[in-house]
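Counting starts at 1 for both ligands and their atoms, following the listed order.
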Amino acid sequence: MADDKKTAKLSFGDKELELPMMSPTAGPDVIDIRKLYAQGDVFTYDPGFTSTAATDSSITFIDGDKGELLHRGYPIDQLAEKSHFLEVCYLLLYGELPSATELEDFESRVTNHTMLHEQMVYFYRGFRRDAHPMAIMTGVVGAMSAFYHDSTDINDPWQREVASIRLIAKMPTIAAWAYKFSIGQPFIYPRNDLDYASNFLRMCFAVPAEDYEVNPILSRAMDRIFTLHADHEQNASTSTVRLASSSGANPFACIAAGIACLWGPAHGGANQACLEMLREIGTPDRIPEFIARAKDKDDPFRLMGFGHRVYKNFDPRARVMKQSADEVLDLLGVENNPTLQVAKVLEQAAIDDPYFAERKLYPNVDFYSGIILDAMGFPTSMFTPIFALARTVGWISQWKEMIEDPAMKIGRPRQLYTGAPMRDYVDVENR
Ligand code: CMC
C-alpha cells in the first residue's frame, strides 16, 4: 500500500516536512500524516472527516463521482440482481463469494442462531408500549452482552465468530419483536425452514391465530432491501462502531452504539423522514413550495432522501430501489400509489433545478425504500430498524477487520481548542 516514490511536501513557518503517500487499489491517494505532530508540532483540522481516511479497509469502495458502490470489488447492482443477502453477508465477512458448500454451511449456522434467549422477553416487557422500535433495538442489542457471555471476549477468534453469527441471525428476531411489542401483539418465534427475509416478514406479520403466507416476490424485495443496505464503508454509524470497538468494548455494546448513531435523520432515520415528507407534500402541485423551502437558507427544511456526503452522482442503490418500488407496487396492485407519484415528480423537479444540479444532489437509497416498505405494510417507525438489521453485517465486518489488524489503536481524535486559556479559580464571593 505504501508508495515509496510519492511524497507530499508541507511547509509552514520555518518547517519543511516531507510526508509519505499511500496509494489505494481504487480512489484517491492519501497523505500519511501519522508523524505530523511528532515532526511538525501541528494537528490537522477536519471536522466531519471530509478529507480524512480514518482507516484502511478492503471491504467496500465507493466512487462518489461515478456513483459506484463495490463490495469486495463486486458492483452493488450485480449483487442486488444476482446474489442474495446471506451470500452478500458471507462476502462482506470473509472477503470472497462462497462455494455452494460454504454457503450452505454459513446459512445453516445463521439459521441455527435465530432464537433469542427466552429471558429477553422480560427485557422487552420493560419498555413502554409506545417506545420507538429503534430505542428498543438499541437497548436489546446492548443487553445481548448480558445474555451471551460466552461471545464477548474480543481476543478469542472463536468468540468473535460466534458473536458475528449471533448478531446477524438474531437481528431480524430483535427488530420483529420490537415491532410486535409496539402494536401489542404476541411475539412470533423464528421458523428455520424459511429463508432470512421470509422469516423476518413472517415474524412481523403473522399472528398466533392466523399464519402468514409469505409472498415470494415480497420476500425477494425484502431481501434486496437488506442487500442494498448491507455496508457503506466508513459512514457515521460504521465509524461509531469502529471507535467504540477501538477501546476493546464487546461486540454487542459496539453494535448498539452503531444503531444509536444510525437513528439520526441525517443518516438511517432519513427513510422514515422521507416518507413522512412525501406524504406531507401529498400532491404534485405542492412540490414547487417544498423545493423552494429546501433552497431557502433561512428554512431548516431539507429534501429528505436527497444528497449524500460521498455520492455526487446518482446513488446506485437508489436506481435499484426505484425499480423495486415499481415491481412491488405493481404486484400489490397499487401502481397508482399517490406517494410514488409525488416521489417521481419530485425527483425530476429536483434534478431539473439548478440549485440541486450545482450542488450535485441526487436521490439517495432512502428516497424510494420507504415507499416499498410502506406498501409491504410496515409503519414508518420500522424503516430505520430494517436499515439497522441489514447494516449489522457491515458493522460486524468492519469491526472484525479492525480487531484482526495488529496495528489497531484506540481512536482518539485531536481538537482545535477555542476555550479560555489557563486562569486561576475565583472564590464565589469574589465573582
Ligand atoms: N436538501 C436541500 N439542500 C441540501 C440537501 C438537501 N437534502 N443536502 C445538501 N444540501 C445543500 C446544503 O444546504 C449545502 O448547500 P450550500 O453549499 O449552499 O450551503 C450543500 O447542499 C452541501 O450540503 P452539506 O450539508 O454540506 O453536505 P453533507 O455532505 O454535509 O450532507 C447529507 C450530506 C446526507 C447529510 C445531506 O445531503 C442531507 O441532509 N440530506 C438529507 C438527509 C438524507 O437523505 N440522508 C440520507 C443519506 S443516505 C443514507 C445513509 O447513508 O445514511
Flag the pair Gln323 / Asp326 as yes when at least one side-chain heavy-atom distance between them is below 4.5 Å, and no otherwise.
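No, every pair of side-chain atoms sits at 4.5 Å or beyond.
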Given side chains that start at C-beta, do those of Phe187 and Leu116 come closer than 4.5 Å, heavy atoms only?
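No, their side chains stay 4.5 Å or more apart.
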Just which atoms of ligand 1 are under 4.0 Å from any heavy atom in [X]?
X	answer
Gly268	52 (O)
Ala266	45 (N), 46 (C), 47 (C)
Gly307	34 (C), 37 (O)
Met304	42 (C), 44 (O)
Gly305	43 (C), 44 (O)
Ala270	43 (C), 44 (O), 45 (N), 46 (C)

Keeping the roles fixed (side chain from [X], backbone from [Y]), state whether a donor-acceptor pair exists under 3.5 Å.
X	Y	result
Tyr368	Pro363	no
Tyr355	Ile291	no
Arg72	Ser58	yes
Asp223	Phe85	yes

Could you tell me how the ring of Tyr311 sits relative to the ring of His308: parallel (under 30°), tilted (30 to 60°) or perpendicular (over 60°)?
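Tilted.
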Assign the ring pair Tyr212 / Phe205 to parallel, tilted or perpendicular, where the plane angle (0 to 90°) is split at 30° and 60°.
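Ring orientation of Tyr212 relative to Phe205: tilted.
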Students should be able to answer this: which protein heavy-atom is nearest to [atom], and at what distance?
atom	value
atom 52 (O) of ligand 1	His267 ND1, 2.5 Å
atom 13 (O) of ligand 1	Lys297 NZ, 3.0 Å
atom 48 (S) of ligand 1	His308 CD2, 3.4 Å
atom 7 (N) of ligand 1	Leu303 O, 2.7 Å
atom 4 (C) of ligand 1	Leu361 CD1, 3.5 Å
atom 17 (O) of ligand 1	Arg359 NE, 3.8 Å

Using ring centroids (six-membered ring only for Trp), state whether [Y] and [X] fall under 6.0 Å.
X	Y	value
Phe387	His232	no
Phe301	Phe290	yes
Phe378	Phe383	no

So, regarding [X] and ligand 1 (criterion: nitrogen or oxygen to nitrogen or oxygen, under 3.5 Å), is there a contact or not?
X	answer
Asp366	no
Asn364	yes
Phe306	yes
Arg317	no

For [atom], is the nearest protein heavy atom under 4.0 Å away?
atom	value
atom 2 (C) of ligand 1	yes
atom 26 (O) of ligand 1	no
atom 19 (O) of ligand 1	yes

Where the closest heavy atom to atom 23 (O) of ligand 1 is concerned, which of Arg302, Met277, His229 has it?
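Of the listed residues, Arg302 has the closest heavy atom.
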Is there a heavy atom of Asn235 sitting under 4.0 angstrom from any atom of ligand 1?
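No, Asn235 has no heavy atoms under 4.0 Å from ligand 1.
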4.0 Å heavy-atom contact, Lys295 with ligand 1:
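Heavy atoms of Lys295 never come under 4.0 Å of ligand 1.
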Per-residue contact class, [X] against ligand 1 - non-hydrogen pairs under 4.0 Å:
X	value
Asp315	neither
Arg309	both
Tyr355	side chain

Using a distance-only test with no angle check, is there a side-chain donor-acceptor pair under 3.5 angstrom linking Glu233 and Ser57?
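The criterion, which ignores hydrogens and geometry beyond distance, is not satisfied for Ser57 and Glu233.
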I'd like to know if Asp353 pairs up with Lys295 as an ion pair, taking the criterion as any Lys NZ or Arg NE/NH1/NH2 lying under 4.0 Å from an Asp or Glu carboxylate oxygen.
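Looking at Asp353 and Lys295, the cut-off is met.
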Going by ring-ring contact (aromatic ring centres under 6.0 Å, His included), name the pairs with one or both residues in residues 18-53, residues two or more places apart or in two chains.
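Passing the test, one end in residues 18-53: Tyr37-Phe43.
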Can you run down the ring-ring contact (aromatic ring centres under 6.0 Å, His included) pairs that involve residues 249-269, sequence neighbours left out, and say none if there aren't any?
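For residues 249-269: His132-Trp263.
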